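Just follow the structure's listing: the first ligand is 1, and inside any ligand the first atom is 1. Keep in mind that what you see is a predicted model, and the values were worked out from it rather than measured.
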Amino acid sequence: MDTKQEKYERLLPQVKALCEGEEDTIAKMANVSALLHQEFGFWWTGFYRVCPEVGGRKLEPAAPTATSALRPPTSALILGPFQGPLACVHIGYGKGVCGTAWKERRTVVVPDVEEFPGHIACSSESRSEIVVPMFCGEEVVAVLDIDSRELGTFDEVDAHYLEQLVELM
Ligand code: SME
């Protein structure tokens, strides 16, 4: 059986080929989440994108109301392409594992989600998790979130390869 290093080494050129010349971020996220999910059999694999929000609601392109126009738009993580069970849609800055990776601009590895204060349980089956921020220049524009049904699935090997993977996108 392949080690996870071998699996990642095999996956990276596929991700490069899938993303090369493709401008559409959503399409790339959709294919990359499918690829990772199938190869590793994770419980949940997907992306959250940093999007503008007003008062906790997604900013609609329609004309703003008098009150919404007064409030400055803020950002939140909004659910993007994923594979696995249904997930929560909005995650605030600094909230949960995803919001922490966004705020701290670093990969967060959680060996046991019950030990992570503020973990957002989209599924009670999830036991361990890794979240990797995606950058555009200096700015975090999205996070890759992967959940496992086993404890301690992720370590620095996953962090190393998944950081390379999101860079290729
Ligand atoms: N557990 C995440 C929320 C997203 S789901 O796992 C898909 C968190 O704490 O940010």
Side-chain angles (χ1 to χ4, degrees), residues 4 7-8 11 14-15 18-19 24-59 73-136 138-169:
K4 67 179 170 185
K7 283 188 187 177
Y8 281 120
L11 270 183
Q14 289 183 56
V15 169
L18 274 174
C19 295
D24 192 288
T25 309
I26 304 268
K28 288 190 276 191
M29 289 175 168
N31 266 339
V32 168
S33 55
L35 195 64
L36 277 169
H37 199 73
Q38 261 193 325
E39 182 69 33
F40 286 94
F42 295 132
W43 176 243
W44 195 93
T45 313
F47 292 86
Y48 281 88
R49 294 182 307 136
V50 176
C51 296
E53 287 209 328
V54 167
R57 282 296 175 86
K58 193 165 188 310
L59 192 61
T74 55
S75 298
L77 289 171
I78 310 289
L79 184 63
F82 72 96
Q83 301 274 312
L86 297 181
C88 50
V89 175
H90 297 242
I91 299 177
Y93 186 67
K95 303 288 181 200
V97 187
C98 292
T100 300
W102 175 21
K103 184 177 177 189
E104 297 183 2
R105 306 163 56 79
R106 65 175 178 93
T107 298
V108 180
V109 174
V110 182
D112 179 351
V113 296
E114 286 182 17
E115 301 289 318
F116 189 94
H119 168 257
I120 301 164
C122 293
S123 156
S124 57
E125 299 275 334
S126 174
R127 308 293 300 282
S128 61
E129 181 163 357
I130 185 168
V131 179
V132 182
M134 279 180 81
F135 291 88
C136 182
E138 289 296 298
E139 205 181 329
V140 177
V141 290
V143 299
L144 167 61
D145 178 17
I146 307 178
D147 289 27
S148 163
R149 283 210 282 184
E150 275 109 53
L151 289 169
T153 296
F154 307 102
D155 57 23
E156 66 285 352
V157 172
D158 301 274
H160 170 75
Y161 283 105
L162 293 171
E163 283 168 9
Q164 284 187 46
L165 183 147
V166 297
E167 239 178 80
L168 289 173
M169 297 177 67

- Query: Does Trp44 reach ligand 1 with a nitrogen or oxygen that is under 3.5 Å from one of the ligand's nitrogen or oxygen atoms?
  - Reply: no
- Query: Ignoring hydrogens and geometry, is there a side-chain-to-backbone donor-acceptor pair from Thr153 to Ser128 under 3.5 Å?
  - Reply: no
- Task: Distance to 0.1 Å, residue and atom name: give those for the protein heavy atom nearest to atom 4 (C) of ligand 1.
- Result: Asp145 OD2, 3.3 Å
- Separation of Phe47 CZ from Ile146 CD1 (nearest 0.5 Å): 8.0 Å
- Note on the structure: Counting heavy atoms under 4.0 Å, the part of Thr100 that contacts ligand 1 is neither
- Query: What distance separates Met134 CE from Leu165 CG, expressed to the nearest 0.5 Å?
  - Reply: 8.5 Å
- Are Phe154 and Phe42 close enough that their ring centres sit under 6.0 Å apart? yes
- So do the side chains of Leu144 and Leu36 get within less than 4.5 Å of each other, counting heavy atoms only? yes
- Under 4.0 Å from ligand 1, counting heavy atoms only, is it the side chain of Asp147, its backbone, both or neither? side chain
- Query: What do the steps show when you test Val109 against Asp158 for side chain to side chain contact (heavy atoms under 4.5 Å, CB included), and what is the final call?
  - Reply: CA-CA 9 Å; Val109 174; Asp158 301 274; over 6 Å; no
- Message: Under 4.0 Å from a heavy atom of Val97: which atoms of ligand 1 are those, numbered in the order shown and with their elements?
- Response: 8 (C), 9 (O), 10 (O)
- Task: Verify whether one side chain among Trp43 and Ser123 offers a donor that lies under 3.5 Å from an acceptor in the other.
- Result: yes
- Is the shortest distance from a heavy atom of Tyr48 to ligand 1 less than 4.0 Å? yes
- Are any of the N/O atoms in Glu129 less than 3.5 Å from those in ligand 1? yes
- Between Gly96 and ligand 1, is there a nitrogen or oxygen pair with a distance under 3.5 Å? no
- Note on the structure: Atoms of ligand 1 under 4.0 Å from any heavy atom of His119, numbered from 1 in the order shown, are 1 (N), 9 (O)
- Starting from atom 5 (S) of ligand 1, find the nearest protein heavy-atom neighbour and note its residue, name and distance. Cys122 SG, 3.1 Å
- Message: Which residue and atom name correspond to the protein heavy atom nearest atom 1 (N) of ligand 1, and how close is it?
- Response: Ile120 O, 2.7 Å
- Interatomic spacing from CD in Glu163 to CD in Glu156 - rounded to 0.5 Å: 11.0 Å
- Would a 4.5 Å heavy-atom cut-off, applied to side chains only, mark Pro133 and Arg105 as touching? no
- Query: What atoms in ligand 1 come closer than 4.0 Å to a heavy atom of Cys98?
  - Reply: 8 (C), 10 (O)
- Does any N or O atom in Ile91 lie less than 3.5 angstrom from one in ligand 1, N or O only? no
